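Given the structure is predicted, the values throughout are model-derived calculations rather than measurements.
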Amino acid sequence: MTGANAAHIGANAPTVKPRPAFAQTDLVALSRYFSLLMMRNITSDGYVIEDPASPGVFSAPGCVIAAPSYPANTPGVDQDYVFNWVRDGAITAIEIALAGLLPVPGGVLPSLVDYVNFAALCQANAKNSDTVTLGHACFTITGEVRPWSEQNDGPAIQSIAIMTLFDQLDGATQTIAKQLVEANLSYLLEVYQNKTTNLWEEYEGYSFFARAVQLRFFREISTNTIGIAVPAGVADAISWLESQLATHWNGQLYVSILDAAEQAGYDANIDIVSSVCYGGIEPTDTKLLATAAILRRQWADPSSSNYYPVNGADAAKGLGPLFGRYPGDHYDGDVAAPVAGGHPWALCTANFAEFQYRLANTIEASGALPLDQFSEPFFAELGLGASSSPADASAALRASSDAMLRAIVYHSDHYELSEQFDGTVGYEKSVRNLTWSYASFLSAVRARAAAPAAKSKPRNSRGPKS
């Protein structure tokens with residue numbers, strides 16, 4: 001310590017933290033760090049957590065908790081997120097499978113083996129229950145049924161995750177995985193035409209998001225390579241869901257949920273864009289682009305009654321905008337003290353960025369903009385139109401999405417991601433270290449890095465039939 005200034009040592013040191021250099025941070029490099037933060041919320045036989053509401057009760061391996069946040073450790077938040085949601089767990093498992101993690105000898109990834117076994121435990125407990133279905137959405141850290149709603153996107157996206165990770169399992173776990181998917185398939189063929197609780201767990205009706213995820217699952221199972229027999233009803237389910245998704249168009253946007261007594265201000269809803277990330281909706285669907293234009297304006301246009309002031313401050317820095325769930329939102333982690341208008345969410349913003357990256361890749365691969373009377377406002381907001389080249393459009397879309405991801409980084413708490421950001425000042429709020437926040441950022445960065453050729457392979461998904 002020769003030459004050190006004694007006034008700046010120990011207790012006398014200034015209380016200054018190093019500042020994350022968000023503008024210089026490489027998004028791909030940062031995503032690897034986010035992957036590690038996400039993995040903190042996934043249990044194993046060696047990494048065990050205790051249920052904060054039930055001392056002495058410990059997690060089973062493979063539980064993906066929504067967040068390590070509960071009222072006693074998160075002031076101002078009255079919600080307990082130390083539970084396993086089927087949807088959140090599946091979205092997380094997809095990111096683990098695609099993260100390029102080093103397997104153990106034999107090509108097996110232990111965290112995915114644990115995930116499949118925990119999912120099978122939850123499914124078995126749902127089967128043995130007299131009160132829930134295989135669409136039950138939420139389980140305890142031991143895999144027991146937690147009183148909650150039935151959400152039929154869950155079995156679909158869980159099955160998509162299992163098909164994605166299947167090759168990283170050992171033989172015995174692959175057998176369990178196939179049985180899990182077969183049970184989900186049988187269940188979904190019985191209920192896909194029914195109402196279900198929607199993505200935000202607020203209303204029961206015909207959910208665009210649930211239908212889109214089911215559509216993707218049925219399409220993927222119809223050409224699966226993991227040895228699952230395809231029932232005759234799958235083709236009919238695909239056709240029916242395509243036609244029903246088209247009925248969500250109201251002339252201006254895709255409506256989030258039909259035949260539900262939802263509150264005013266539920267559209268435009270970000271779950272429509274999330275259906276590109278997790279469901280069978282193509283980013284080139286021009287009616288989806290019309291909806292996306294409205295989503296952006298309602299939170300980024302200062303003349304909008306739903307404007308987030310933080311987006312104005314961010315725009316001056318070349319960042320954003322940040323996106324919320326829907327304009328009439330009031331949830332900020334504290335149900336007892338609703339806030340009119342809600343706040344932007346990290347995962348909603350990352351989903352919008354991913355949608356635009358996917359659109360950029362498709363435009364670059366096809367050499368054409370999906371431009372018509374519906375999509376024109378979306379492209380116009382980016383300074384694009386009939387005279388724009390595919391290269392210009394792709395560059396503009398990617399730059400726009402980069403600014404959104406960098407806004408997430410800028411408002412993070414030294415790179416840790418909560419569920420939401422304050423819509424006025426931008427500070428993080430609601431539950432801390434939300435697993436889905438990390439997973440959505442990882443998914444967006446994967447889409448950002450995807451080679452256009454990989455996006456030009458023929459797919460069955462064309463969006464809703466008109």
Subject >> Any donor-acceptor N/O pair, Ser222 side chain to Arg219 backbone, under 3.5 Å >> reply: yes
Original post:
Within the distance-only criterion (no hydrogens, no angle test), does the side chain of Glu220 pair as donor or acceptor with the backbone N or O of Ile160 below 3.5 angstrom?
Top reply: no
Original post:
Does the distance from a Lys or Arg side-chain N to an Asp or Glu carboxylate O, for Arg446 and Glu354, drop under 4.0 Å?
Top reply: no
Original post:
Crowded around Glu50 CD? As in, over 12 foreign heavy atoms under 6.0 Å?
Top reply: yes
Original post:
Is a salt bridge present between Asp402 and Arg448, judged by a nitrogen-to-oxygen distance below 4.0 Å?
Top reply: yes
Subject >> Short side-chain to backbone donor-acceptor contact, Ser388 and Gly385, under 3.5 Å >> reply: yes
**OP:** Taking Thr43 for its side chain and Ala60 for its backbone only, find out whether a donor-acceptor pair lies under 3.5 Å.
**Re:** yes
Original post:
Do Ser35 and Tyr438 come close enough that some side-chain heavy atom pair is under 4.5 Å?
Top reply: no
Original post:
Have Asn152 and Tyr187 got a donor and an acceptor in their side chains that come within less than 3.5 Å?
Top reply: yes
Original post:
Would a distance-only check, ignoring hydrogens and angles, find a side-chain to backbone donor-acceptor pair under 3.5 Å from Ser389 to Asp392?
Top reply: yes
Original post:
Going through the distances and angles, do Asp88 and Val64 end up as a side chain to side chain contact (heavy atoms under 4.5 Å, CB included)?
Top reply: CA-CA 8 Å; Asp88 299 39; Val64 180; 5.6 Å; no
**OP:** Validate the cation-pi geometry between Arg146 and Phe83: distance from NZ or CZ to the six-membered ring centre under 6.0 Å, angle to the ring axis within 45°.
**Re:** yes
Original post:
Just checking, is any N or O donor in the side chain of Thr92 or Tyr115 under 3.5 Å from an acceptor N or O on the other one?
Top reply: no
Original post:
For residues Ser69 and Thr74, is any side-chain donor paired with an opposing acceptor at under 3.5 Å?
Top reply: yes
Original post:
Looking only at side chains, do Arg40 and Asn433 share a donor and an acceptor under 3.5 Å apart?
Top reply: yes
**OP:** Establish, from distance only, whether the side-chain atoms of Tyr203 and Asp259 form a donor-acceptor pair under 3.5 Å.
**Re:** no
Original post:
Are Trp240 and Tyr192 close enough that their ring centres sit under 6.0 Å apart?
Top reply: yes
Original post:
Looking at Thr142 and Phe58, what are the two nearest heavy atoms and their distance?
Top reply: CG2-O, 3.2 Å
Subject >> Minimum-distance pair of heavy atoms, taken over all atoms of Leu121 and Gly143 >> reply: CD2-CA, 4.1 Å
Original post:
So, do Tyr81 and Tyr70 sit near enough that their side-chain heavy atoms are less than 4.5 Å apart?
Top reply: no
**OP:** Determine the interplanar angle of the Phe378 and Phe355 rings, folded into 0 to 90°, and report it as parallel if under 30°, tilted if 30 to 60°, perpendicular if over 60°.
**Re:** tilted
Original post:
Sub-3.5 Å donor-acceptor pair from the side chain of Asn351 to the main-chain atoms of Ile270, do we have one?
Top reply: no
Original post:
Are Gln151 and Ser149 close enough that a side-chain donor and a side-chain acceptor fall under 3.5 Å?
Top reply: yes
**OP:** In sequence, state the C-alpha distance, the side-chain angles, and the governing distance for Leu241 and Gln214, and then conclude on side chain to side chain contact (heavy atoms under 4.5 Å, CB included).
**Re:** CA-CA 8 Å; Leu241 286 166; Gln214 290 168 1; 3.9 Å; yes
Original post:
Are Glu364 and Arg398 ion-paired here, with the side-chain N under 4.0 Å from a carboxylate O?
Top reply: yes
Original post:
Can you check side chain to side chain contact (heavy atoms under 4.5 Å, CB included) on Trp436 and Glu419, steps first, answer last?
Top reply: CA-CA 8 Å; Trp436 194 352; Glu419 183 180 65; over 6 Å; no
Original post:
At their closest point, which heavy atom of Ala368 faces which heavy atom of Pro390, and how far apart are they?
Top reply: N-CG, 4.0 Å
**OP:** Find out whether Asp413 and Arg432 are in side-chain contact, i.e. whether some heavy atom of one side chain is under 4.5 Å from a heavy atom of the other.
**Re:** no
Original post:
Side chains of Asp114 and Ser111: do they bring a donor and an acceptor to under 3.5 Å?
Top reply: no
**OP:** On the 0 to 90° scale, with breaks at 30° and 60°, tag the Trp299-Phe323 ring pair as parallel, tilted or perpendicular.
**Re:** perpendicular
Original post:
Are side-chain heavy atoms of Thr173 and Asn117 found at a separation under 4.5 Å?
Top reply: yes
Original post:
Is a side-chain N or O of Ser31 found less than 3.5 angstrom from the main chain of Val28, in a donor-acceptor match?
Top reply: yes
**OP:** Mark yes or no for whether Asn198, through its side chain, and Glu201, through its backbone, hold a donor-acceptor pair below 3.5 Å.
**Re:** yes
Subject >> For the student: nearest non-hydrogen atoms of Met404 and Pro321, plus distance >> reply: CG-O, 3.6 Å
Subject >> Sub-4.5 Å side-chain heavy-atom contact between Ile42 and Ile96 >> reply: yes
Original post:
When you check the gap from the basic side-chain N to the acidic O, do Glu381 and Arg297 get nearer than 4.0 Å?
Top reply: yes
Subject >> Nearest-0.5 Å distance that lies between atom CD1 in Ile94 and atom OG1 in Thr164 >> reply: 5.0 Å
Subject >> Stepwise side chain to side chain contact (heavy atoms under 4.5 Å, CB included) check, Leu322 with Gln420 >> reply: CA-CA 10 Å; Leu322 298 170; Gln420 302 175 39; over 6 Å; no
**OP:** Determine whether Phe217 and Leu185 make a side-chain contact, defined as any pair of heavy atoms from C-beta on separated by less than 4.5 Å.
**Re:** yes
Subject >> From CZ (Phe139) to NE2 (His136), nearest 0.5 Å >> reply: 5.5 Å
**OP:** Check whether any side-chain heavy atom of Ser129 sits under 4.5 Å from a side-chain heavy atom of Val132, and report yes or no.
**Re:** yes
**OP:** For the pair Glu150 and Lys195, find out whether any cationic side-chain nitrogen is under 4.0 Å from an anionic carboxylate oxygen.
**Re:** no
**OP:** Run the numbers on Glu204 and Thr197 for side chain to side chain donor-acceptor pair (under 3.5 Å), then give the verdict.
**Re:** CA-CA 4 Å; Glu204 183 176 345; Thr197 303; 4.9 Å; no
Original post:
So how far is it from Ser243 OG to Arg211 CZ, rounded to the nearest 0.5 Å?
Top reply: 8.5 Å
Subject >> Short side-chain donor-acceptor distance under 3.5 Å, Ser256 and Asp271 >> reply: yes
**OP:** Determine whether the side chains of Asp285 and Tyr254 contain a donor N or O and an acceptor N or O closer than 3.5 Å.
**Re:** yes
Subject >> Check: Arg358 side chain, Val276 main-chain N or O, donor-acceptor pair, under 3.5 Å >> reply: yes
**OP:** Could you go through the side chain to side chain donor-acceptor pair (under 3.5 Å) check for Arg406 and Ser401 one step at a time?
**Re:** CA-CA 9 Å; Arg406 292 199 179 279; Ser401 288; over 6 Å; no
Original post:
Within 45 degrees of the axis of the six-membered ring of Trp85 and under 6.0 Å from its centre: does Arg87 put its NZ or CZ there?
Top reply: no
**OP:** Please check if the side chain of Ser44 supplies one atom and the backbone of Gly46 the other of a donor-acceptor pair under 3.5 Å.
**Re:** yes
Subject >> Contact summary for Leu289 and Ser375, nearest pair of heavy atoms >> reply: CD1-CB, 3.6 Å
Original post:
Any side-chain heavy atom of Leu417 within less than 4.5 Å of one from Leu434?
Top reply: no
**OP:** Assign the ring pair His248 / Phe208 to parallel, tilted or perpendicular, where the plane angle (0 to 90°) is split at 30° and 60°.
**Re:** perpendicular
Subject >> Euclidean distance, Glu144 CD relative to Asn128 CG, rounded to 0.5 Å >> reply: 10.0 Å
Original post:
Is it the case that Tyr331 and Gln79 place a side-chain donor and acceptor less than 3.5 Å from each other?
Top reply: no
Subject >> Heavy-atom closest pair, residues Val255 and Leu258 >> reply: CG1-CD2, 4.0 Å
Subject >> Test applied, ring-ring contact (aromatic ring centres under 6.0 Å, His included); reference residue, Trp345; option that passes from Phe441, Phe352, Trp200 >> reply: Trp200
